Amino acid sequence: MRNGSVSTLGRRSTRRGIPAAVRVAVLLGLLAAPLARHAEAQGVPAGTVIRFWATASFELNSVPFTLYSDTADVVVAQVGGVDLEPPRVTSSTINTSVLLQQVLTNVGNGPDDFTLAVTSARGWPVTLFRDFNEDGQINGADAPVAGALSVAYLGHAALLARVSVPNDPSLPGQSDTVLVTATSSFDPSKTDQLAH
C-alpha cells in the first residue's frame, strides 16, 4: 500500500492524512487472532494447517478505505482422548472363565498409544486380550495385551477381559466388579474407566 494523494489499486485505497493510530488500531484488531501460532481442536486431525486472512472496510471523512491483513497459518495441535464402551453384566459358575467384551476408541485427533490396566475387586485372576477379529472369543492371533496399545486417529481396538472365577463353594450368589482403565500416552490426563 502506498501513501500519497488518493491512489486506487483494485478495491484497495489509501489517502494521505489518515491518522496512523486508526491504521494501527484496525490492523492490530485484524491480526490479534493470528498471533497464536498453534490451536487445539479435537476432531480436526493434528498437523492440519488452517490458513486465513481478514479485510476491514470503512469510511473516513466520506472516503472509503479497505485494509487487508497478512495471511496467517494456524497449525492444529494434537489432543489426546480415549473412550471405553460398553459396560457388561454377566453370570457364571465357580471354576470357569467369563469373557467381557469392550471397545477402546481413540477420540483424540491423532494416532496415540494407550496403556491399559484391568483389576478385579475380589482379586480374581483377570487378563486383558486384544480381540483382533472382533468376534468376542479368544482365538487365532488374539493375545494378552502387553505394553501400550497403538490406535490410529479415529481408530478402535476390540478387547476381551477374561475373568477366572475361583473354585470356591462359598461364591454362588456373590458378585465381582472388573475395572478396565485406558490412558492416553500422548496426554496422560486423558483416561477412561469401564466397570463390568
Side-chain angles (χ1 to χ4, degrees), residues 36-51 73-196:
R37 303 306 292 177
H38 292 278
E40 293 186 1
Q42 185 172 357
V44 178
T48 298
V49 176
I50 300 172
R51 179 165 290 167
D73 290 343
V74 174
V75 179
V76 177
Q78 184 169 346
V79 293
V82 60
D83 182 55
L84 283 169
E85 295 292 342
R88 304 279 184 180
V89 176
T90 189
S91 61
S92 185
T93 59
I94 63 173
N95 201 29
T96 60
S97 293
V98 175
L99 293 179
L100 301 169
Q101 296 174 266
Q102 59 255 286
V103 175
L104 180 154
T105 303
N106 179 355
V107 295
N109 68 345
D112 204 346
D113 296 333
F114 299 93
T115 56
L116 296 161
V118 59
T119 59
S120 158
R122 289 186 171 272
W124 295 350
V126 58
T127 306
L128 199 60
F129 286 79
R130 173 81 183 264
D131 185 8
F132 282 99
N133 62 2
E134 302 185 16
D135 68 349
Q137 301 297 319
I138 297 173
N139 51 38
D142 300 344
V145 174
L149 187 65
S150 296
V151 182
Y153 167 61
L154 296 178
H156 71 277
L159 303 171
L160 292 168
R162 184 178 67 190
V163 184
S164 298
V165 182
N167 186 10
D168 183 347
S170 68
L171 290 179
Q174 298 188 36
S175 63
D176 185 24
T177 300
V178 174
L179 186 66
V180 181
T181 305
T183 303
S184 162
S185 295
F186 179 80
D187 181 356
S189 71
K190 304 300 182 184
T191 185
D192 193 25
Q193 290 187 327
L194 182 62
H196 297 287

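None of these values were measured; they are calculated from a predicted model. Heavy-atom basis, side chains included; hydrogens, waters and symmetry copies ignored.
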Can you give me the closest heavy-atom contact between [X] and [Y], atom names plus distance?
| X | Y | answer |
| --- | --- | --- |
| Ser120 | Val126 | N-CG1, 4.1 Å |
| Gly136 | Leu99 | O-CD1, 3.7 Å |
| Asp113 | Ser150 | OD1-OG, 2.6 Å |

With sequence neighbours left out, write down each residue that passes side-chain contact (heavy atoms from CB on, under 4.5 Å) with [X], or none if nothing qualifies.
| X | value |
| --- | --- |
| Asp112 | Asn106, Phe114, Ser184, Ser185, Phe186 |
| Pro144 | Thr127, Phe129 |
| Ala195 | Thr177, Leu179 |
| Ser97 | Arg162, Ser164 |

For [X], which residues count as a side chain to side chain donor-acceptor pair (under 3.5 Å) partner, sequence neighbours excluded?
| X | answer |
| --- | --- |
| Asn167 | none |
| Glu134 | His156 |
| Ser189 | Asp187 |
| Thr191 | Thr183 |

- Message: Walk me through whether Val98 and Leu100 qualify under side-chain contact (heavy atoms from CB on, under 4.5 Å).
- Response: CA-CA 7 Å; Val98 175; Leu100 301 169; 4.0 Å; yes
Name the atoms and distances for all side-chain donor-acceptor pairs under 3.5 Å in residues 80-95, with sequence neighbours left out.
{"from": "Arg88", "atom 1": "NE", "to": "Gln101", "atom 2": "O", "distance (Å)": "3.0"}
{"from": "Ser92", "atom 1": "OG", "to": "Thr96", "atom 2": "OG1", "distance (Å)": "2.5"}

- Between CG on residue Leu159 and CG on residue Asp142, distance to nearest 0.5 Å: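 Answer rounded to 0.5 Å: 10.5 Å.
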- Query: To the nearest 0.5 Å, what is the distance between CG (Leu160) and CD1 (Ile138)?
  - Reply: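 Atom-to-atom, Leu160:CG and Ile138:CD1 are 5.5 Å apart.
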- Message: Could you go through Leu116 and Arg130, starting from their C-alpha distance and side-chain angles, then the distance that decides it, and tell me whether this counts as side-chain contact (heavy atoms from CB on, under 4.5 Å)?
- Response: CA-CA 11 Å; Leu116 296 161; Arg130 173 81 183 264; over 6 Å; no
- Would you mind reporting whether Val165 and Gln174 have side-chain heavy atoms less than 4.5 Å apart? no
- Task: Decide yes or no for Asn109 and Pro45: does some side-chain heavy atom of the first lie under 4.5 Å from some side-chain heavy atom of the second?
- Result: no
Are the side chain of [X] and the backbone of [Y] linked by a donor-acceptor contact shorter than 3.5 Å?
| X | Y | result |
| --- | --- | --- |
| Arg122 | Val178 | no |
| Asp131 | Ala158 | no |
| Gln78 | Pro111 | yes |

